[in-house]
Amino acid sequence: GAVVSQHPSRVICKSGTSVKIECRSLDFQATTMFWYRQFPKQSLMLMATSNEGSKATYEQGVEKDKFLINHASLTLSTLTVTSAHPEDSSFYICSARDRGESFYYNEQFFGPGTRLTVL
Amino acid sequence: SQQGEEDPQALSIQEGENATMNCSYKTSINNLQWYRQNSGRGLVHLILIRSNEREKHSGRLRVTLDTSKKSSSLLITASRAADTASYFCATRRGSTLGRLYFGRGTQLTVWP
């Protein structure tokens, strides 16, 4: 299947700093990328949907000024956690959907995740 | 919000045994997908079943879908220790632009 990479895989930062996470589709063009957050032993919670060249759509309860998403190209989306706090510590996973003829039947490919720890 | 609910939440079996996980959902769907997640890793897509399909096979995996009961099952036959992981079902609704709704997952442990 298609490959999605995330960088970094693990990051530790001090409270108050900003952290940027990159998500890349390596061998396909992704018109849409999704950002999820996952707490230990929990399911994935969708944070936002990012379409190339347009503003991201955030889920209810997700602060768009805190979690900045940029989808500047068909292969790259970034999530910036601004002024991070310990409660932002989590596992962040991105996902990209391949272009396809059938919109609803496209598969989503997931990145390996980024473990963020805010001290 | 979450869509699916898997059961059991945790399943522990011996190598060679079959593992069955169930997923129920609440609204009509376009397709249902199963994913595996190893501890601390991203999700691996296992299988997708469309709403007009009833059963699908892929290697040791067998997925069924019953839209009348709004439920699906994932069967892993002849399980191996390497199958130890969390398994999630995710649904895509026809009225939503492409987002997946994930269940809470089943933690499968296969003992050698």
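By convention in this document, chain letters (A, B, ...) are assigned in the order of the sequence lines, proteins followed by strands, and residues within each chain are numbered from 1.
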Crowded around [X] [atom1]? As in, over 12 foreign heavy atoms under 6.0 Å?
{"X": "A/H7", "atom1": "NE2", "result": "no"}
{"X": "B/E15", "atom1": "CD", "result": "yes"}
{"X": "B/R60", "atom1": "CZ", "result": "yes"}
{"X": "A/K20", "atom1": "NZ", "result": "no"}
{"X": "B/R54", "atom1": "CZ", "result": "yes"}

Quick one: what part of A/Q6 sits under 4.5 Å from any heavy atom of chain B, side chain, backbone, both or neither? neither
What are the two closest non-hydrogen atoms of [X] and [Y], and how far apart are they?
{"X": "A/R115", "Y": "B/G40", "result": "NH2-CA, 4.2 Å"}
{"X": "A/Q108", "Y": "B/Y35", "result": "O-OH, 3.6 Å"}
{"X": "A/F110", "Y": "B/L43", "result": "CB-O, 3.6 Å"}

Do you know which of A/C94, A/P112, A/G113 has the most heavy-atom pairs under 4.5 Å to chain B? A/P112
Please check if B/L100 and A/L44 belong to a single hydrophobic cluster, counting links between Ile, Leu, Val, Met, Phe, Trp and Tyr side chain heavy atoms closer than 4.5 Å. yes
Between the CZ atom in B/F102 and the CD atom in A/Q38, the distance rounded to the nearest 0.5 Å is 9.0 Å
Would you please test A/F91 and B/Q37 for side chain to side chain contact (heavy atoms under 4.5 Å, CB included) and show each step? CA-CA 13 Å; A/F91 194 55; B/Q37 184 182 34; 3.9 Å; yes
